[in-house]
Amino acid sequence: MSRDETGAVRDTELEKDRARYGLIAVVMSNLAIAGVAIFGVWRLDGDKAVIVGVLTAAFTAVSSMTTAYLGIKAISNTARSIALGSAPRHEPGHTAAGTPAPAGPAAEAPAPPAQRAP
């Protein structure tokens with residue numbers, strides 16, 4: 001294997017480790033939040049107003065943490081693929097499908113609107 005291939009394999013393994021341990025951290029945090037919420041509800045002995053508050057706060061914390069992890073992971077993956085050049089690029093004079101744009105008046109940019117005098 002060349003140095004580039006070895007580096008790519010190492011980077012891939014590093015990304016897998018980061019994803020694995022990040023997911024483990026999120027799951028363990030969510031379990032801890034759920035455990036504390038269950039313990040809190042158990043100790044409140046039926047005070048419904050406080051139970052609703054505890055469960056709402058726990059649900060908000062779990063959903064926020066999970067959403068943040070997934071959002072950061074998605075942005076990280078997108079940025080990495082763009083940095084490595086695997087994302088499709090838009091080149092001037094080409095359509096989104098990668099074929100050359102048709103030549104002629106239709107391919108030219110429209111003229112800007114006329115300016116009004118003050």
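Hydrophobic clustering (ILVMFWY, side-chain heavy atoms < 4.5 Å, transitive): Leu70 and Ile72 are in distinct clusters. Placement of Trp42 and Val36 in two distinct hydrophobic clusters is found when ILVMFWY residues are connected by side-chain heavy-atom separations under 4.5 Å, directly or transitively. Hydrophobic clustering, with ILVMFWY side chains joined whenever heavy atoms are under 4.5 angstrom apart, groups Leu31 together with Tyr69. Under the 4.5 Å side-chain heavy-atom criterion for ILVMFWY residues, no single connected hydrophobic cluster contains both Val54 and Ile38. A single hydrophobic cluster is not seen to contain both Phe59 and Met65; linkage of ILVMFWY side chains at heavy-atom distances under 4.5 Å, directly or through other members, places them apart.
Ionic pairing of Glu13 and Arg10 is not present here: no N-O contact between side-chain nitrogen and carboxylate oxygen is shorter than 4.0 angstrom.
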Next item on the list: I would like to know whether Lys73 and Leu23 meet side-chain contact (heavy atoms from CB on, under 4.5 Å); could you show each step before the answer?
Entry: CA-CA 10 Å; Lys73 187 66 183 150; Leu23 185 60; over 6 Å; no
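Just one residue in the list Thr60, Val50, Val41 forms a side chain to side chain contact (heavy atoms under 4.5 Å, CB included) with Leu55, and that residue is Val41.
Distance alone, capped at 3.5 Å, places no donor-acceptor pair between the Ser64 side chain and the Ala61 backbone. Looking only at distances, a side-chain donor or acceptor of Ser81 sits under 3.5 Å from a matching main-chain atom of Thr78.
The CD1 atom of Ile33 sits 9.5 Å away from the OG atom of Ser63 when rounded to the nearest 0.5 Å. In this structure, Arg18 CZ and Asp11 CG are separated by 8.5 Å, a value rounded to the nearest 0.5 Å.
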